[in-house]
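For reference, the structure discussed in these notes is given below.
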Amino acid sequence: MGVLRRHPALSALTAAALVAAAVLGLTGLAVWRSAHTDDASRVDHADVILVLGAAQYGGEPSPVFAGRLEHAALLYREGRADTVVVLGGSAPGDTSTEAEAGRDWLIGEGLPADAVVASPVGSTTFESLEAAAGWMRERDLRSAFLVSDPWHNLRVKRMASDLGIEPYASATWRSAARTEGTRFDGYVRETFAYLAYRILGR
């Protein structure tokens, strides 16, 4: 303590490091808690189900994306919402968008075509949710189940809320968490991604 008193700059750096560590730790805990909370266990119905897009290859959803779509189909069949909206644009060179690939997959699995909407807008999570929020406002829809990977829950709920959506996260563990290492990496990435969103926005 005497060293810190003699060196105010060192004292300030130490305090800043402690604050940063506390913020990271508390945010990481919040990410973990949100990942292990399924809002569908307490909320029976929402206006729509929003499926966050993921990689697709020539119109074929990747395993991670297919896992999200399977969970959205389950929610729909349970009567949790009357409409599923699949989000996500395309990457350079793609022949399809994430939204269109997801819609085709859900229809192929037996969901009614008029109950599945593609929103092929956005190259980031925020852009896709922003487009979905606009689509919902035009139809006077307010609440949504958000389907993504579990560690995304905290961030996507915050984004959706900031955009005027009443959000309920119902993630899938089916495709996202094959190993403990995968889960740990997801928690770490999302801790920093959530802080970046809160500081920088979008």
If you look at every heavy atom in Lys157 and Ala169, which pair is closest and at what distance? CD-CB, 3.6 Å

Which atoms form the tightest heavy-atom contact between Ser143 and Ala46, and what is the distance? OG-CA, 3.4 Å

Quick check against the 3.5 Å criterion: does Ser34 have a side-chain atom that pairs as donor or acceptor with the backbone of Ala30? no

With a 4.5 Å cut-off on side-chain heavy atoms, are Asp82 and His45 touching? yes

Any non-hydrogen side-chain atom of Arg158 less than 4.5 Å from a side-chain atom of Arg198? yes

Write down the atom of Ala160, the atom of Leu146, and the distance for their closest heavy-atom approach. CB-CD1, 3.9 Å

Could you check if a side-chain atom of Glu190 sits within less than 4.5 angstrom of a side-chain atom of Asp149, using non-hydrogen atoms only? no

Out of curiosity, does Leu50 fall in the hydrophobic cluster containing Phe126 (side-chain heavy atoms, cut-off under 4.5 Å, transitive links)? yes

How close do Phe65 and Gly53 get, heavy atom to heavy atom, and via which atoms? CE1-CA, 3.8 Å

Side-chain contact, heavy-atom cut-off 4.5 Å: Arg80 with Tyr76? no

Decide whether Leu26 and Val188 are clustered together by the hydrophobic rule: side chain heavy atoms of Ile, Leu, Val, Met, Phe, Trp, Tyr closer than 4.5 Å, transitively. no

Classify the side-chain pair Ser170/Asp38 by whether it contains a donor and acceptor separated by less than 3.5 Å. yes

For residues Val86 and Arg68, determine if any side-chain heavy atom of one lies less than 4.5 Å from a side-chain heavy atom of the other. no

Taking side chain as C-beta onward, heavy atoms only, is Thr125 less than 4.5 Å from Leu52? yes

Please answer: with hydrophobic residues joined when any side-chain heavy atoms are less than 4.5 Å apart, are Tyr197 and Ile165 in the same cluster? yes

Following the transitive rule for hydrophobic clusters with a side-chain heavy-atom cut-off under 4.5 Å over Ile, Leu, Val, Met, Phe, Trp and Tyr, establish whether Leu87 and Leu163 coincide in one cluster. yes

Evaluation steps, side-chain contact (heavy atoms from CB on, under 4.5 Å), between Val117 and Val84: CA-CA 6 Å; Val117 176; Val84 180; over 6 Å; no

Could you go step by step and tell me if Val121 and Trp135 meet the side-chain contact (heavy atoms from CB on, under 4.5 Å) rule? CA-CA 11 Å; Val121 179; Trp135 182 89; over 6 Å; no

Heavy-atom check, side chain of Leu69 versus side chain of Pro61, under 4.5 Å: yes

Which pair of non-hydrogen atoms, one from Ala101 and one from Gly59, has the smallest distance, and what is that distance? CB-O, 3.5 Å

So if you build clusters from Ile, Leu, Val, Met, Phe, Trp, Tyr with side-chain heavy-atom gaps below 4.5 Å, do Leu75 and Trp105 land together? yes

Which heavy atom of Thr95 sits nearest to which heavy atom of Gly58, and what is that distance? OG1-CA, 3.7 Å

Heavy-atom distance under 4.5 Å between the side chains of Glu98 and Ser90, does that happen here? no

Derivation of the side-chain contact (heavy atoms from CB on, under 4.5 Å) call for Val147 and Ile49: CA-CA 7 Å; Val147 178; Ile49 299 164; 3.8 Å; yes

Intermediate values then yes/no, side-chain contact (heavy atoms from CB on, under 4.5 Å), Ser62 and Tyr57: CA-CA 7 Å; Ser62 65; Tyr57 307 103; 3.7 Å; yes

Do other residues, nucleotides or ligands put more than 12 heavy atoms under 6.0 Å from the CZ atom of Arg77? yes

Does any donor atom in the side chain of Tyr168 or Asn153 lie under 3.5 Å from an acceptor atom in the other side chain? no

Hey, would you say the His71 and Trp173 ring centroids sit under 6.0 Å apart? no

